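Structure first, then comments.
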Amino acid sequence: MFEENDFVCRHMRMTKAEIIKVIREKNITSFDDLQDETDVATICGSCVADIEEILEEEIAKRDA
Ligand code: FES
């Protein structure tokens, strides 16, 4: 599990908190949209699964 201030995508230097902020502010619903906004996971891709998990959690909260 990541803490808010942990880098999830270290190539784009994005923390969990920063990723969540973009997801909420831009009302992101897909990984592609998140990538368009932030360029996360565009270098090595090792962060994809972790970012997908954060995105899914946020979407689930939104739909709750
Ligand atoms: S850690 Fe996200 S692209 Fe490398």
Side-chain angles (χ1 to χ4, degrees):
M1 260 326 243
F2 287 93
E3 300 296 333
E4 297 291 297
N5 292 324
D6 290 344
F7 285 110
V8 180
C9 180
R10 57 195 154 75
H11 281 112
M12 289 301 147
R13 299 192 63 75
M14 286 201 78
T15 62
K16 182 175 179 181
E18 286 166 337
I19 292 170
I20 288 175
K21 188 165 182 269
V22 173
I23 293 170
R24 291 183 185 168
E25 283 179 357
K26 305 281 179 180
N27 216 12
I28 301 287
T29 54
S30 72
F31 189 80
D32 286 350
D33 288 350
L34 184 59
Q35 236 173 7
D36 285 348
E37 285 291 340
T38 61
D39 286 338
V40 278
T42 53
I43 308 290
C44 75
S46 70
C47 54
V48 170
D50 294 327
I51 292 168
E52 277 177 342
E53 197 177 307
I54 293 168
L55 178 61
E56 277 167 26
E57 271 174 27
E58 282 305 307
I59 291 171
K61 279 186 207 158
R62 190 185 294 163
D63 293 343

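Every number for a ligand or one of its atoms is a count from 1 in the order of the listing. Here the structure is a predicted model, which is why all the values come from computation and not from measurement.
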- Message: Within the structure provided, determine whether N27 and R62 are in side-chain contact (heavy-atom separation under 4.5 Å).
- Response: yes
- Query: Between D6 and E3, is there a donor-acceptor pair closer than 3.5 Å when you use the side chain of the first and the backbone of the second?
  - Reply: yes
- Item | Within 6.0 Å of NZ in K26, more than 12 heavy atoms from elsewhere | no
- Task: Check if R10 has a non-hydrogen atom at a distance under 4.0 Å from any atom of ligand 1.
- Result: yes
- Atoms of ligand 1 less than 4.0 Å from A41 heavy atoms? 2 (Fe), 3 (S)
- Give a yes or no on whether C44 keeps an N, O or S atom under 2.8 Å from atom 4 (Fe) of ligand 1. yes
- Where do T38 and I19 land on the side-chain contact (heavy atoms from CB on, under 4.5 Å) test, with the steps shown first? CA-CA 8 Å; T38 61; I19 292 170; over 6 Å; no
- For ligand 1, which atoms, with element, lie under 4.0 Å from some heavy atom of C47? 1 (S), 2 (Fe), 3 (S)
- Message: Pair K21, E18 - check salt bridge (Lys or Arg N to Asp or Glu O under 4.0 Å), show working.
- Response: CA-CA 5 Å; K21 188 165 182 269; E18 286 166 337; over 6 Å; no
- Message: Could you identify the N, O or S atom of H11 positioned closest to atom 4 (Fe) of ligand 1?
- Response: ND1
